[in-house]
Every structure is written in C-alpha cells, then in structure tokens.
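One structure is given here, and the rest of the page talks about it.
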Amino acid sequence: MTVSRTICLGFLAVISLGALLLMMPFSSSSGTWIDPLVALFTSTSAVCVTGLSVVDVGTYFSFWGQLFVAILVQVGGLGYMTATTFLLLLIGARFSLRDKVAIQQALDRTGIQGSAQVLRSIIATTLIFELTGVFLLLAVFVRDYGFYQGLWYAIFHSINSWNNAGFSLFKDNFIGYQSSVVLNLTVTGLIIFGGIGYQVIMEMYLWLRDRILRKTHCIIFSLNFKVATSTTLILLILGTVAFFLIEQKNPDTFGSMDLKTKILAAWFQSVTPRTAGFNTIDFGKMTTAGLFITIAFMFIGASPGGTGGGIKTTTLGVLTTCTKAILQGNEEAVLYERKIPLSLILKAVGVFIGSLATVIIATILISLTDTNFNFIQILFEVVSAFATVGLSTGITASVSAAAKLVLIVTMYVGRVGVLLLMSALLGDPRPSKIRYPEENLLVG
C-alpha cells in the first residue's frame, strides 16, 4: 500500500460514503430513495470539486442532502490526506514519516518539513476566506431570501467558490445576479485565491507582513509564486478581453446587457473556467469561438496546491518556456533567471500527454454512446469533468447512463491527477543501474 494508492483509495472511500448518504430518503426533498447513479454522480462531482450535476441541487435535495454536498466539497477541496491528517492533529496524534510523505505528494510540496504547521495554515486560510465570503454574500442573499435562508445560501456558495466547485442552489446558477457587483467580485475573488494555491497565498501574506513591519530583509518570492501569479494574471486579462469581444454582439449572451454588466460578465466567465462551474450566462448559447476558448481555459486550470484542476498554470509555464527555448535555439529552459531541471520538464510533458489522452479517450467513448450530441458539446463536457470545472452546455442530465459513468471516471482521474493515479496502478518505480547509449532521431 504505497502513498499514492492510499490517496487514490481514500478518495474512492469518501465518494462511496457520500453516495451512500445522498441515496438516503432524508437527503431527498421528496423523502424517497434517490437513484444510485444520481447519488454516485453527485458525490463524485462534489468530492472532485467539479460541480457537474444531473439534477437541480437546490430542489432535488433536502437541506440534509445539500449539507452533505457542501461537506463533500469541503473535504474534496482540502484533499483526502489533508482532511485525515488534520483530524490526527486534532486528537493529538504524532505524524509518522509516511504521513509527511503523503502530505508532500498530496499538496505537491518540495519537502516534508513543517507538515503540521502547513496543515494548520491551510485550515486557517480556508476558514478566513470562506467566512469572509459568507459575510459578503449575506448582503446579497439576505435581502432576497430572508436571514436564515440567505445565510445558508451564503455558506453553501462560499464553500463552493473557495473550493472551486460549481454547485449552485439556483436553477439558473448566477444568471439572475449577473449585474451584482458584490456577488461577481466576491465569488471570483474566492475562486482565484482558492485555485492559486496555499503556498502562493502564504508567500503573499509573508511579503505583506514584512512590508508592513518594514523589515530590512523581505521574503524572496519563489519561482512557483512568480509563474503561478503571472500566468494567472495573463489568462484572466486575456479571457476577459476575449469573451467581451467575441460575445458582445451575441443576443443570447452579452448582446442585451449594458456596458457595466458586459464587463462583469466577461470577467466572471474568464475566472470560472479555471476551475469553478459557476456562470452568469447560458453557456449553451455561446458562440463556437467562445466555447472553444472556454475549453482551452478549462484544460489549463488552476495552480498546484490549490483547489482547482486542469494541467495547472505552472505546467503551461514550463511547456511554454521549453517551446521558447527550442525556437530560440537554446539548450536550456530558463524561467525568471532560473534553470528548469530536466525532471520537472519530463513531469510537465507527462501531465500534458496523460491529460490529453484522458480527454481524447473519454470524448471518443461518449461520442460512441451518445450520437445525438455534437462534438463541441461532448468535448466541452469531458474537459469540464476532467479539469473539475463543472461548466456545461446543458447536456449533463440528458446523457446516457454509460456516458455518466465515463464522466464519473473522468472527474476522478482529474481530481487525483494522472501521474498519481498511474503511480498507484503501477507502483513506485524501482531504481536501475542500467544506462543506455544516446542516439538522435528526427523530430518536428
């Protein structure tokens, strides 16, 4: 039982428990047993912080069912190892070397030192941001639904926003609030900070602390911080401009909005594909160009150590740098005056190829089972599932049972990660003293 197998089986255990709880009559608004496939799909989507749903969560599930969904999203966002090891901390248990290695792999850290302190920081950061989100969203929901229902709406959507899930208690998601500045900025802010990674947030906090205290030696940002923040900023700006220009004349999306609402909608739609499935427009009515841009953004996803999915912004940064180095005739990939090690380049290539293969296989399988949907709809649904986004063109509830099972597997693979899953299946690599001769071949 390797660490990677522990993590993968842990997610399966949480998904199974969640499905069992969601099947119960008290989880249904009608008081009857829930279809096992619906419960399994919803549980997988929640634990994998995806947000895809085959039913309307706000009306199909009772308060208890919605509460279970929120808890599963919280556990899935923190990660199985983070949640379980934090429970060990609460009962005063000591960390073994195996626990520290598991946390390192689950959080994609470079070392195993200070694991307990890292976990405390993650939980504290999560609580601070989610409580701030609840407080801000109260001003929006209490006015429309009263205090108690508005409070629950604020809690549910704050948890889903921070953990980059896309479950909403409204039938039209956030389309009814597309002109609300408070909701748009609060939800997108939680999504960005939740998906950018805990390490980036902690470095930002330490830098601000040093500046406020006027320390002579401020923290030096890591390469991970520089790549994650710069790539995220570039994608957000490009996405906002692209959606604004492409969709502004589409009468079914931006066409009937005023300028302020168009800007808010363009900003919101540039944030949510990376990787939270909230929306303030109907994605089923977007132009093909808009859908394709969304697919590209979903595939890229968030940053390592965050609550989002996709191949990650740092992977894109490494691959882009390697491409630039080849085009310039350089033999080394250099990023922010730092040489990228070969092992990291190989890992980035492996993540990209493995992710692309997963998307291609899932798309082919659903295309064979559901021939009534066009290619762009199926590809959009598959990438949304793999990147744990949760956006949909509206076909999730209409796909066949076989397609739902394919999406369930795709969400699981996207959450645990292609490399971690392969490590769990194949086992840890064995060291070898064999070295093979080098030989060139034609490429490109």
Side-chain angles (χ1 to χ4, degrees), residues 41 45 48 50-54 164 166 168 172-175 178 235 238-255 265-266 268-302 308-311 316 352-411 413-414 418:
F41 192 99
S45 184
C48 297
T50 305
L52 283 176
S53 181
V54 294
N164 278 229
S168 176
D172 60 352
N173 212 285
F174 285 145
I175 293 179
Q178 58 187 200
L235 291 174
L238 288 178
T240 302
V241 174
F243 283 117
F244 182 84
L245 295 177
I246 292 174
E247 295 294 328
Q248 67 168 331
K249 293 184 179 180
N250 184 351
D252 297 322
T253 54
F254 287 17
F268 196 93
Q269 265 58 237
S270 73
V271 173
T272 52
R274 310 183 31 255
T275 56
F278 293 118
N279 58 283
T280 57
I281 62 171
D282 186 354
F283 273 83
K285 298 178 180 178
M286 286 184 71
T287 60
T288 303
L291 289 175
F292 197 77
I293 292 175
T294 305
I295 290 173
F297 275 39
M298 290 192 298
F299 189 72
I300 295 170
I311 64 171
L316 176 66
F352 178 78
I353 297 299
S355 302
L356 188 62
T358 303
V359 169
I360 290 174
I361 293 172
T363 303
I364 292 174
L365 291 176
I366 296 180
S367 298
L368 292 174
T369 60
D370 295 61
T371 57
N372 51 320
F373 298 116
N374 59 47
F375 171 74
I376 194 72
Q377 288 177 311
I378 296 175
L379 179 63
F380 191 97
E381 204 78 10
V382 168
V383 176
S384 179
F386 172 77
T388 68
V389 180
L391 292 174
S392 175
T393 56
I395 69 171
T396 311
S398 305
V399 298
S400 63
K404 289 184 176 72
L405 292 175
V406 172
L407 291 176
I408 287 173
V409 174
T410 306
M411 288 188 286
V413 174
V418 175

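If you read the sequence from its start, that first residue is 1, and numbering goes on from there. It should be emphasised that the depicted structure is a prediction, and the values quoted were computed from it without experimental measurement. We use all heavy atoms of the structure for the numbers below, so side chains are in, but hydrogens, waters and symmetry mates are not.
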Show me the donor-acceptor pairs within less than 3.5 Å that the side chains of residues 358-366 make with the rest of the protein, sequence neighbours left out.
unit_1: Thr358; atom_1: OG1; unit_2: Gly354; atom_2: O; d: 2.8
unit_1: Thr363; atom_1: OG1; unit_2: Val359; atom_2: O; d: 2.7

Worksheet item: Distance-only, no hydrogens or angles: does the Thr280 side chain make a donor-acceptor pair with backbone N or O of Ile175 under 3.5 Å?
Response: no
Worksheet, complete the sentence: Residues Ala385 and Leu407: closest non-hydrogen pair is CB-CD2, 3.9 Å
Worksheet entry | Donor-acceptor contact below 3.5 Å, side chain Thr410 vs main chain Phe386 | no
Between side-chain atoms of residues 285-300 and protein atoms elsewhere (two or more places apart, or another chain), which donor-acceptor pairs fall under 3.5 Å?
unit_1: Thr287; atom_1: OG1; unit_2: Glu247; atom_2: OE2; d: 2.6
unit_1: Thr287; atom_1: OG1; unit_2: Gly290; atom_2: N; d: 3.1
unit_1: Thr294; atom_1: OG1; unit_2: Gly290; atom_2: O; d: 2.8

Practice prompt. Identify the heavy atoms of Leu52 and Ser392 that sit nearest to each other, and give their distance.
Written response: CD2-CB, 4.0 Å
Worksheet item: How far apart are the closest heavy atoms of Glu381 and Ile395, and which atoms are they?
Response: OE1-CG1, 3.4 Å
Discussion item. For Asn372, is there any backbone N or O sitting under 3.5 Å from a side-chain donor or acceptor partner on Asp370?
Written reply: no
Worksheet item: Which distance, rounded to the nearest 0.5 Å, do you find between the CD1 of Ile311 and the CZ of Phe352?
Response: 6.0 Å
Discussion item. Would the distance check show the side chain of Ser384 and the main-chain N or O of Leu391 forming a donor-acceptor pair, the cut-off being under 3.5 Å?
Written reply: yes
Worksheet entry | Minimum side-chain heavy-atom gap Thr396-Phe41 below 4.5 Å | yes
Worksheet item: Side chains of Ser270 and Thr240: donor-acceptor distance under 3.5 Å anywhere?
Response: yes
Worksheet item: Are the side chain of Lys404 and the backbone of Val399 linked by a donor-acceptor contact shorter than 3.5 Å?
Response: yes
